[in-house]
Every structure is written in C-alpha cells, then in structure tokens.
Amino acid sequence: MTPRIKDILLSTDFGSEVMTRGWVRSRRDSKSGFCFLVINDGSCLADLQIIVDESIPGYHESIGGLLTGASVEIRGELVESPAKGQNVEVKATEIHLIGSCPPEYPLQKKRHSFEFLREIAHLRPRSNTFGAISRVRNRLSFAIHEFFQSRGFLYVHTPIVTSSDCEGAGEMFTVTTLDMENPPKDSNGKVDFSHDFFGKRSHLTVSGQLNVETHCLALGNVYTFGPTFRAENSNTSRHLAEFWMIEPEIAFCDLGGDMDLAEEFLRHLLGVLLEDCAADMKFFNDRIDNTVLATLEHIVASNFERLSYTEAIDELLKAKSANFEYPVKWGLDLQSEHERWLTEKVFKKPVILYDYPRDIKAFYMRQNEDEKTVAAMDVLVPKIGEIIGGSQREDRHDVLVARMKELDLNPDDYWWYLDLRRYGSVPHAGFGLGFERLIQFATGMQNIRDVIPFPRVPNNASF
RNA sequence: UCCCCUAUAGCUCAAUUGGUAGAGCGCCGGACUGUUAAUCCGUAGGUUCGUGGUUCGAGUCCACGUGGGGGAGCCA
C-alpha cells in the first residue's frame, strides 16, 4: 500500500526514508539550485512539501514536467521543516513522473467558481473543497452505520425499482425496456405496460419507507440508506433528482421516541464531524461559511426546540415584524419563510415541529385523538429548512383503510401494506433524512449540487 | 413550472449615450527567493453562447432558443 500524506505529516521519525505518491498542486522553482514541490494525495486537506535539489539524478530532465496536476512518485528523507507553514517536509532523493499534465489542465493554481467546477465534475475531486466534501461525506456515511449498528438497528436493502405507484412522495421516473419509438398500445390507444419488462408500469423508488416497514414488523428496529429518485421539476439549491436518504423505522415506538431518535442521531453525526474531520471543518469555516463551527458546536451541546404545529402558528402570529409574504393560519402548510423564521430568528437552533393538521400530511401518518392532527414531525434547521420528515405510522387497519378511501386511494393497491396491520400490528414510527441536506448544513455549502459527486438535476445528468 | 438576474481570453471579471476588445490570475520566456495560491519584468492568447432583427455601425438595443445563478412551489 502507498503511504498516505495524512500519516507522513503526523510522523516525527526524522531521518527516515519515506515514499509518497500523489498529484502536484504547485511548484516553486529557485534558480539557485532547488525547487519546492507541493503534493496532495487526497488523504487530507494538507499538502506535503517536497524539497528537490538539483543535485539529485535526473533533476534537469524531469523537473520541467512536474506541472500542476501531474502525478508523481517521490522518495526521500523525512526532515523537520525549517520554515513556517508545515512541521515536516521531504528532502527528495528520487523523483518519478508517473503521469504528465499539460499546461491546459483546467484546474489551475487559483480559486475557481463552483459553477465552473461543476462543469469539470471529473476533476473537481482534486480541488480542496471537493476533497474536503468527499472526506466529510465518507465519514458521515460510516457514522450513520455506526450509530444504528451500535443501537441494534438492522440495515435493510429496500428495492430501487418498484412497481407500486402508491408511494405518493412525488413524481416518479418510469423504468422501461419498451421500444420508445413504437410502444405497444392497448385498445384505448395508451401504452400497454403489460408487455413491459416487469409486466406492469415500474418506477425508480421515491422512498424505501413502505418496504422497510415490512422488516420493522419482523426484525424490530431497522434502517435503509440508499439512493432515492424524484422526477420533480425542482430547480433549487436544495433539490436533486437523485439523492441519498436515510430512513430508520422503529418498532414499538410512538412519535416521542421518533423525535428522540432524530435528535440524538443528528447531534451524534455532527459531533463525529467536529471530532474526526477537524481540519476539513476548519476549512469550511474559514473559506465557505464562518458560522458552521459555532453552529455545530452549539447544536451538539444543546437540545432541539420542540413545539406543536399549533404552538408554531401562535408563535408566527405574534411575529408582527416578519412581514410574511404568505398567510399564517391554522390548517395551512408552513412556507419556507415561516420555517426559517422559527429556526433562525425565534429559537436560533434546530426546531422539531409535530402534530400537523391531517389534511396537509400523508395517508400513512397516525391520526391523533383530536381527529384534526396526525403524529407527524419535521426537523427544521437554519438556512436549509426541512432536513428530516417523519411520523408515527397508522397501525390501526380500519383507521388506515378509512383514510385511504377518504383520499380516493384504492386499498387493493396497498394490500400487502395493509396486511402488516392485519397480522400482528404494532405501533411504529420512522423518519427520512436527506443525506445531501445534512452535508450542506454541516459544511455551509450553499448549493446541494456541490455536496454530491455527480449531481442529477432537470436538464443535466452529465458525467 | 413561475419570477428576477446572467453568458466577453483557459479561469475571474471590466468595456461610458451604440463608435478600433481590456485587466488580474494561469500558461510560456526571463529575473529573484527557505518558498507557502511566492514576488518582479515581458510575450502570446478573442467567431463577445446560438439564431434572427433594428442601425451607417451592435459586446452593448429587441425577439426567440440554450446554458448558468438567485428566489418561489414541490419535498428530503
């Protein structure tokens, strides 16, 4: 295995021989007989400085080829750095060009706009920001599994392709092998999906929730963590057509337990970042958003604010100075401006709203005693807004069927979901966390397209 | 999908009421230096997003298209 720069920088074994491989970030020549070579290998934000003296073999033949972007292998002696900016550096004894890099390399030794970097998504992981994003994303992914696994949750793989068009969480992408130039038609002239691969119209999943409930009612606490697809024509800095979602489902649990888990989960993940990604987080605080470190530290150290939808409406009605564009009235859904007011202005921390009016929420959410609200909850955070949406599920067969009919849903389409309520139903609850929104919030990155390696949005699935 | 803004050198941007296309950074050449996105001097680099229109004349004004950004809705 190639040694990583992250480890070399921590070493104090001066005088020892080291080898490193990576990509040239910068070269500063001195005509007085040596040059500074700055190497990054992605293992950490920091670069490794190499001192290359012209006395080493092949210096004059190869040094000119070590342009920004070139890949190199360096062997040399680990030494204590006499200058500021780094503790250790490497005095090269051998330099090898692995892959040259011509001068038209798009990633220059300067600051680039995120818009431009998006157009070179195949090269942007070599930039400081996207290297940091990649490491944070990786650490959070692992922390999510650590969190659930250490609490006995089972990881369940719910399907990507689904033939139940009853998930109701948004527009879906159709998956088909039919000849789009000449599709089979039925007697009404409509496309006949009975000839399609799965024998009926199929889609990419918009949520693993309905499927994962089956395993919750068999194995206890479970979670999913996978790609999710929404064909909504959403053009915002907070929406992707393909994103990753974490959906735990907790058995024998009510909405209170659901909120407890959501809060503990978020605080745990952000705490891990502060602990294990300190250098990258400092970079985001220095270069992207100078409030992220203070925000994360505050969240880890304090409880979320919890209030019911009804209390939130009262709070918003008191906010005379807000001049909301949209009306505030019990029974209406809260707008972005309302949610942000609560989380940014009133409480200045994450807020969990619960017990929403039944008419503005999904069919599967459990109806409360008042018959006006359902046991739903949203976690709101500053700048992003909704980061988690969840609920206690309706576990009473007759109530669920009645609610479906009320909404003109055909219970026959949901037969297996209803079976869970016929055979040994139990109270259960869960939520969905948008992974990219979590990364956005944690890093301060303004556009969600810059926290996923290859963003898919309307009119763009490049790379 | 709706509203607003926007597209000029490899990148980031400037160009007055419509009148010969400019800078910084990067590249290349040179100078200098235990340097830190080094610094200094110089060279090269352009079908001003596309199509059409107005005009003696369009980077600039108008229409349509496409890409990008911000906001809204939908939501995670």
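Hydrogens, waters and symmetry mates are skipped; everything else that's a heavy atom, side chains included, is used. Here is the naming used below: chain letters follow the sequence lines, and residue numbers restart at 1 for every chain.
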**Student:** So for atom NZ, which belongs to A/Lys349, do other residues, nucleotides or ligands contribute more than 12 heavy atoms lying within a distance under 6.0 Å?
**Tutor:**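 Yes, the 6.0 Å shell around NZ holds more than 12 heavy atoms from other groups.
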**Student:** What about A/Gln86: does its side chain form a donor-acceptor pair under 3.5 Å with the base of B/U36?
**Tutor:**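 Side chain to base: pair present.
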**Student:** Considering only B/U35, B/A38, B/C11, which nucleotide approaches the side chain of A/His112 most closely?
**Tutor:**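 Among B/U35, B/A38, B/C11, the one nearest the side chain of A/His112 is B/C11.
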**Student:** Looking only at heavy atoms, what is the nearest atom pair of A/Phe153 and A/Val222, with distance?
**Tutor:**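 Smallest heavy-atom distance, with atoms named: CD2-O, 3.4 Å.
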**Student:** Taking side chain as C-beta onward, heavy atoms only, is A/Phe441 less than 4.5 Å from A/Lys383?
**Tutor:**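 No, side chains not in contact.
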**Student:** Rounded off to whole Å, could you give me the CG-to-P distance for the A/Leu334 and B/G73 pair?
**Tutor:**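 The distance from CG of A/Leu334 to P of B/G73 comes to 11 Å, rounded to the nearest Å.
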**Student:** Salt bridge between A/Glu394 and A/Arg358, side-chain N to carboxylate O under 4.0 Å?
**Tutor:**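 Answer for the salt bridge query: no.
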**Student:** With the side chain counted from C-beta on, respond yes when A/Leu240 and A/Glu436 share a heavy-atom pair under 4.5 Å apart, and no when they do not.
**Tutor:**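 In short, these two side chains touch, coming nearer than 4.5 Å.
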**Student:** Expressed as a whole number of angstroms, how long is the span from A/Leu353:CG to B/C75:C1'?
**Tutor:**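 A/Leu353 atom CG is separated from B/C75 atom C1' by 15 Å.
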**Student:** Given atom CD of A/Glu119 and atom P of B/C11, what is their separation to the nearest angstrom?
**Tutor:**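 That distance rounds to 8 Å.
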**Student:** For the pair made of CZ in A/Arg25 and C1' in B/U35, what is the distance, rounded to whole Å?
**Tutor:**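 Roughly 18 Å, once rounded to whole Å.
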**Student:** Could you tell me whether the side chain of A/Asn235 has a donor or acceptor atom within less than 3.5 Å of a complementary atom in the base of B/U1?
**Tutor:**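 Per atom types, the contact qualifies.
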**Student:** Return a single string for nucleotides 23-28 of chain B, one symbol per nucleotide in 5' to 3' order, where B is base contact, S is sugar-phosphate-only contact and - is none, cutoff 4.0 angstrom on heavy atoms.
**Tutor:** -BBSSS
**Student:** Please, what dot-bracket string fits RNA chain B when only Watson-Crick and G-U pairs with both distances under 3.5 Å count, crossing ones use [ ] and pairs to another strand use |?
**Tutor:** (((((((..((((.....[..))))..((((.......))))......(((((..]....))))))))))))....
**Student:** Less than 4.0 Å between a side-chain N and a carboxylate O, is that true for A/Glu337 and A/Arg340?
**Tutor:**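 No.
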**Student:** Mark this stacking check for A/Phe243 against B/A76 as yes or no, applying ring centres under 5.5 Å and ring planes under 30°.
**Tutor:**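 It does: the two rings, one from A/Phe243 and one from B/A76, meet the stacking criterion.
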**Student:** On RNA chain B, compare the nucleotides closest to A/Ile388 and A/Phe34; which residue's is nearer the 5' end?
**Tutor:**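 Here A/Phe34 is the residue nearer the 5' end.
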**Student:** Is A/Asn459 close enough to B/G67 that one of its side-chain N or O atoms is under 4.0 Å from OP1 or OP2 there?
**Tutor:**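 Answer is yes, contact under 4.0 Å.
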**Student:** Got a sec: does the CH2 of A/Trp23 have more than 12 other heavy atoms crowding it under 6.0 Å?
**Tutor:**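 Not more than 12 within 6.0 Å, no.
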**Student:** Of the listed nucleotides (B/A76, B/U1, B/U36), which one gets closest to any side-chain atom of A/Ala83?
**Tutor:**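 So the side chain of A/Ala83 is nearest to B/U36.
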**Student:** For nucleotides B/A31 and B/G10, find the distance between their P atoms and express it as a whole number of Å.
**Tutor:**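 It comes out at 29 Å once rounded to the nearest Å.
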**Student:** Return the nearest nucleotide to the side chain of A/Thr236; candidates are B/C75, B/A38, B/A72.
**Tutor:**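 Of the options given, the side chain of A/Thr236 lies nearest B/A72.
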**Student:** Rounded off to whole Å, could you give me the CZ-to-C1' distance for the A/Phe36 and B/U39 pair?
**Tutor:**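 Spelled out: CZ on A/Phe36 to C1' on B/U39 is 13 Å.
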**Student:** Closest approach to the side chain of A/Arg111, judged atom by atom: which nucleotide of B/A37, B/G73, B/A76 is it?
**Tutor:**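 In terms of side-chain proximity for A/Arg111, the closest of B/A37, B/G73, B/A76 is B/A37.
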**Student:** Ignoring hydrogens and angles, does a donor from either the side chain of A/His239 or the base of B/C75 sit under 3.5 Å from an acceptor on the other?
**Tutor:**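 Per atom types, the contact qualifies.
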**Student:** Applying salt bridge (charged side-chain N to carboxylate O under 4.0 Å, His left out), which residue pairs with at least one partner in residues 69-82 of chain A are found, sequence neighbours left out?
**Tutor:**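 The answer is A/Arg21-A/Glu73, A/Glu73-A/Arg75.
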**Student:** Closer than 4.0 Å, any side-chain N/O of A/Ser207 to the OP1 or OP2 of B/A76?
**Tutor:**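 It does not, given that no N or O in the side chain of A/Ser207 lies less than 4.0 Å from OP1 or OP2 of B/A76.
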**Student:** Donor-acceptor pairs under 3.5 angstrom involving side-chain atoms of residues 445-454 of chain A: please list them, not counting sequence neighbours.
**Tutor:**
from, atom 1, to, atom 2, distance (Å)
A/Asn447, OD1, A/Arg449, N, 2.9
A/Asp450, OD1, A/Arg118, NE, 2.8
A/Asp450, OD1, A/Arg118, NH2, 3.4
A/Asp450, OD1, A/Arg124, NH1, 3.2
A/Asp450, OD2, A/Arg118, NH2, 2.8

**Student:** Between B/G34 atom P and A/Asn87 atom CG, what is the distance in whole Å?
**Tutor:**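 Checked: the CG to P distance equals 21 Å.
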**Student:** From B/G73, B/G34, B/C75, pick the nucleotide closest to the side chain of A/Gln335?
**Tutor:**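 My answer, after comparing the listed nucleotides, is B/G73.
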**Student:** Between A/Ser113 and A/Arg27, just flag the one whose closest nucleotide in RNA chain B comes earlier from the 5' side.
**Tutor:**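 Counting from the 5' end, the first nearest nucleotide belongs to A/Ser113.
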**Student:** State plainly whether the residues A/Asp378 and A/Lys361 are in salt-bridge range, i.e. N to O under 4.0 Å.
**Tutor:**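 Counted as a salt bridge, because a side-chain N and a carboxylate O are separated by less than 4.0 Å.
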**Student:** So does A/Arg28 reach the base of B/C32 with its side chain, donor to acceptor, closer than 3.5 Å?
**Tutor:**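 Such a pair does not exist between side chain and base.
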**Student:** Per the atom types in the model, does the base of B/C74 pair as donor or acceptor with the side chain of A/Ser234 at under 3.5 Å?
**Tutor:**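 Side chain to base: pair found, below 3.5 Å.
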**Student:** Please report the distance separating the P of B/A21 from the corresponding atom of B/A9, rounded so that it comes out in whole Å.
**Tutor:**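 Nearest-Å result for B/A21 against B/A9 at atom P: 15 Å.
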**Student:** For nucleotides 29-31 of chain B, which of its nitrogen or oxygen atoms have a protein nitrogen or oxygen under 3.5 Å away, and what is each distance?
**Tutor:**
none

**Student:** Tell me, please, which residues at least two apart from A/Tyr223 pass ring pair (Phe, Tyr, Trp, His ring centres under 6.0 Å).
**Tutor:**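 A/Tyr223 satisfies ring pair (Phe, Tyr, Trp, His ring centres under 6.0 Å) with A/His145, A/Phe148, A/Tyr155 only.
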**Student:** Please state the C1' separation for the pair B/A63 and B/A58 - nearest whole angstrom.
**Tutor:**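 B/A63 and B/A58 have their C1' atoms separated by 15 Å.
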**Student:** Heavy atoms from C-beta onward define the side chain here; which of B/U12, B/A76, B/G70 lies closest to that of A/Phe116?
**Tutor:**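 Closest nucleotide to the A/Phe116 side chain: B/U12.
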**Student:** Between C1' on B/G67 and CG on A/Leu117, what's the gap in Å once rounded to a whole number?
**Tutor:**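 Between C1' of B/G67 and CG of A/Leu117: 17 Å.
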**Student:** Once hydrogens and angles are ignored, does a donor-acceptor distance under 3.5 Å link the base of B/G71 to the side chain of A/Glu337?
**Tutor:**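 No, no donor-acceptor pair under 3.5 Å.
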**Student:** Say you draw a straight line from CZ of A/Arg230 to OG of A/Ser207; how long is it, rounded to the nearest 0.5 Å?
**Tutor:**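 Taking CZ in A/Arg230 and OG in A/Ser207, the distance rounds to 6.5 Å.
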**Student:** Check whether any side-chain heavy atom of A/Leu266 sits under 4.5 Å from a side-chain heavy atom of A/Pro350, and report yes or no.
**Tutor:**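 A/Leu266 does not reach A/Pro350 side chain to side chain.
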**Student:** Does NZ or CZ of A/Arg151 lie under 6.0 Å from the centre of the six-membered ring of A/Phe147, at an angle within 45° of the ring axis?
**Tutor:**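 Geometry flag: set, cation within 6.0 Å and 45°.
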**Student:** Rounded to whole Å, please give me the gap between CG in A/Asn233 and P in B/C2.
**Tutor:**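 Roughly 9 Å, once rounded to whole Å.
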